[in-house]
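Just below is one structure, and these are the notes that go with it.
These numbers come from a predicted model, not from an experiment.
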Amino acid sequence: MITDPKTACQAELREWFDSKVSTQFSVREHHGHDESWHTPAVPDYVLFAESASDVVACAKICTKYQVPMIPFGTGSSMEGNVQAVEGGLSIDTSRMDRILSVNAGDMDCEVEAGVTREALNLHLRDKGLFFPVDPGANASLAGMAATRASGTTTVRYGSMRDNVIGLEVVLADGTAIRTGGRARKSSSGYDLTRLFVGSEGTLGVITKVRLRLHPIPESIVAMTAQFATVEDAVDLTCTIMQAGLPVARAELLDELAMTAINRYCRTDFPVLPSLFFEFHGAASTVTEVSDVVQALCEEQNAVGLQIASQPEDRKKIWDARHKIAFAERTLRPGAQTFVTDVAVPISALPEAIRAAKSDLHDTGMIAPLSGHVGDGNFHLALLIDREISEEVTRAEQFHERLIEKAIGLGGSISGEHGIGMGKARFLEREHGEAVSVMRTIKHALDPLGLLNPGKIFS
């Protein structure tokens, strides 16, 4: 008779799912980390779920034996969101990759959890529609919903919070529920969709996502501009946003980031603080807005101003921007990147970045800066050697000061990466007593604490 709960759980999972369950170390190791610098934590076993009914069944088995469950999409998260800190079962949803419906007339669709944003947009291309949320990585749409992801286009189209209109979620005990609907508005009951978006797998496993789609713009123009200082670039961004100009992307990269991009992508961008813009809409509108932004750039003494209207030229720009996470590592080969992720009100962005750069200079660390500055969200990638404890301590202390500054300016400890295991200890500094309400909700939906333990709450 099997008495160990995890062994008994594994035996029942094997009986139920057979080859869909793996205990191979290489598979488990792959599911024990994301793209963050946080220490990997390997699950005891991995289930490759192929349907919502698979997730329902495994949740019931895990609840029976009180074994932790950790949802896993593509592993591209940035705050240790998928680490199995208490072991248990990693539920890989990558095989749940069907696009279930596209309603072109209503501009919405429903997909299974494992569909990636690039796969969806490829499917939508001939329908004149696209899904705009672009975090850079080809993440799964359920994973993006779970972390409330955003990215380069959020300044115009919003984040996952604004573009997810409904979900199918499996709760800890195996109960499957649907939230939201296809109507554009509803005041019916609690907004459970918003509750699960951003819950990072701690309240339920997302198995289906219903998304708001957008028409492919008639005209798209990109623009790059370089500046003498980061401050000049940030000040210009604030001017543009406060003027209400309809910008689709507004991205900042400092000179270190541009150096890294040129090395990694074999490009020849000027090694200066740079802004990457994009404008969407009717051809006349795009021309008018890009002309205004160009004039503002020139007033701010921009150099190397370039316009890109051809698809291949725009692709070169955004491919480079999206590869910054890999490019940064060329600045210190062998180092790991400790990526920060704060967001502040637009008016506070110049002060936040000025303070961060000054503090960074005093620490002596190498850390390129990039950010979705149209949203007030920016990142510093601290390049550290994890084997040198003094470097880790210095990075953690800098990170804490950065967070304190952001909160003091009315900002947030995370603009898009979520809390995971990396920022749990800072949550109460931002939300205070509201965290106790979050804990109450967590306990109500997951009383045994089996869903992604060790995340969000320390």
Side-chain angles (χ1 to χ4, degrees), residues 51-52 55-56 71 73-74 77 81 93 96-135 137-171 175-217 246 248 280 372 375 415-418 438 441 445:
S51 66
V55 179
V56 167
T74 63
S77 54
N81 310 76
T93 59
M96 297 171 61
D97 59 358
R98 294 184 302 159
I99 297 170
L100 301 171
S101 66
V102 175
N103 305 291
D106 295 316
M107 293 189 294
D108 68 54
C109 69
E110 186 173 45
V111 302
E112 288 187 319
V115 175
T116 64
R117 66 175 189 86
E118 288 184 6
L120 176 60
N121 278 325
L122 183 62
H123 181 83
L124 294 172
R125 186 173 56 187
D126 295 336
K127 297 175 174 58
L129 299 169
F130 81 117
F131 181 69
V133 182
D134 178 9
N138 187 25
S140 70
L141 290 159
M144 289 169 61
T147 54
R148 202 187 305 148
S150 57
T152 61
T153 59
T154 305
V155 64
R156 179 179 176 110
Y157 297 100
S159 69
M160 290 301 282
R161 180 191 65 185
D162 308 294
N163 288 282
V164 174
I165 58 177
L167 298 168
E168 180 183 83
V169 182
V170 176
L171 304 181
T175 301
I177 65 170
R178 295 187 70 89
T179 74
R182 293 188 54 217
R184 284 285 164 159
K185 60 190 295 188
S186 172
S187 59
S188 172
Y190 294 164
D191 189 348
L192 295 181
T193 301
R194 292 285 182 89
L195 175 64
F196 286 102
V197 171
S199 62
E200 301 182 32
T202 64
L203 300 180
V205 181
I206 297 172
T207 52
K208 293 175 185 173
V209 188
R210 185 169 292 281
L211 300 164
R212 177 173 288 118
L213 305 177
H214 298 260
I216 294 174
H280 295 178
H372 317 300
D375 308 319
E416 59 182 356
H417 295 164
M438 298 181 198
I441 294 170
L445 294 179

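- We find the CD1-CG distance between Ile177 and Leu171 to be 4.5 Å, quoted to the nearest 0.5 Å.
- In this structure, His372 NE2 and Thr154 OG1 are separated by 6.5 Å, a value rounded to the nearest 0.5 Å.
- Applying the side-chain contact (heavy atoms from CB on, under 4.5 Å) rule to Ala146 yields the partners Ile206; only residues at least two apart in sequence or on another chain are considered.
- Applying the salt bridge (Lys or Arg N to Asp or Glu O under 4.0 Å) rule to pairs touching residues 116-128 yields Arg117-Asp134, sequence neighbours excluded.
- Here CG of Leu195 is found 5.5 Å from CD1 of Ile441. Values are rounded to the nearest 0.5 Å.
- The shortest non-hydrogen separation linking Phe130 to Pro217 is CE2-CD, 4.0 Å.
- Here salt bridge (Lys or Arg N to Asp or Glu O under 4.0 Å) pairs that include residues 184-207, with residues two or more places apart or in two chains, number zero.
- Side-chain contact between Thr147 and His417 is absent, with no heavy-atom pair separated by less than 4.5 Å.
- A distance of 5.5 Å separates NZ of Lys208 from CZ of Arg178, quoted to the nearest 0.5 Å.
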Item checked: side chain to side chain contact (heavy atoms under 4.5 Å, CB included) between Val164 and Thr193, intermediate numbers included -> CA-CA 8 Å; Val164 174; Thr193 301; 3.8 Å; yes

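- Screening Arg212, Arg210, His214 against Asn163 for a side-chain hydrogen bond (donor to acceptor under 3.5 Å, both in side chains) leaves a single residue, His214.
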Note to self: Checking Met96 against Val55 for the side chain to side chain contact (heavy atoms under 4.5 Å, CB included) test, could you report, in this order, the C-alpha distance in whole Å, the side-chain angles of both residues, the deciding distance, and whether it holds?
What the structure shows: CA-CA 11 Å; Met96 297 171 61; Val55 179; 4.2 Å; yes

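- Side-chain contact annotation: Thr207 with Glu168, donor-acceptor N/O pair under 3.5 Å present.
- Taking 4.5 Å as the limit, some side-chain heavy atom of Met144 sits within range of a side-chain heavy atom of Pro135.
- A donor-acceptor contact shorter than 3.5 Å links the side chain of Ser140 to the backbone of Gly143.
- Side chain of Thr179 to main chain of Leu167: a donor-acceptor pair is present (N/O by atom type, distance under 3.5 Å, no hydrogens or angles).
- Each of Leu211, Leu129, Asn103 was scored for a side-chain contact (heavy atoms from CB on, under 4.5 Å) with Cys109, with one residue passing: Leu211.
- For the residue pair Ser150 and Ser159, no side-chain donor N or O sits within less than 3.5 Å of a side-chain acceptor on the partner.
- For Val155, the side-chain contact (heavy atoms from CB on, under 4.5 Å) criterion is met by Met241, Asp375, not counting sequence neighbours.
- We find the CG-CG distance between Leu203 and Leu445 to be 5.5 Å, quoted to the nearest 0.5 Å.
- Side-chain contact between Phe131 and Leu141: present, with at least one pair of heavy atoms (C-beta onward) separated by less than 4.5 Å.
- Judged as a salt bridge (Lys or Arg N to Asp or Glu O under 4.0 Å), and not counting sequence neighbours, the contacts of Arg98 are Glu112.
- Remark: of the listed residues Thr153, Leu213, Asn121, Thr153 is the sole one forming a side-chain contact (heavy atoms from CB on, under 4.5 Å) with Pro132.
- Checked against side-chain contact (heavy atoms from CB on, under 4.5 Å), Arg156 has the following partners two or more places apart in sequence or in another chain: Pro246, Ala248, His280.
- Considering all non-hydrogen atoms of both residues, Gly158 and Asp162 come closest at CA-OD2, 3.3 Å.
- Within the 4.5 Å cutoff, the side chain of Leu124 has heavy atoms near those of the Val102 side chain.
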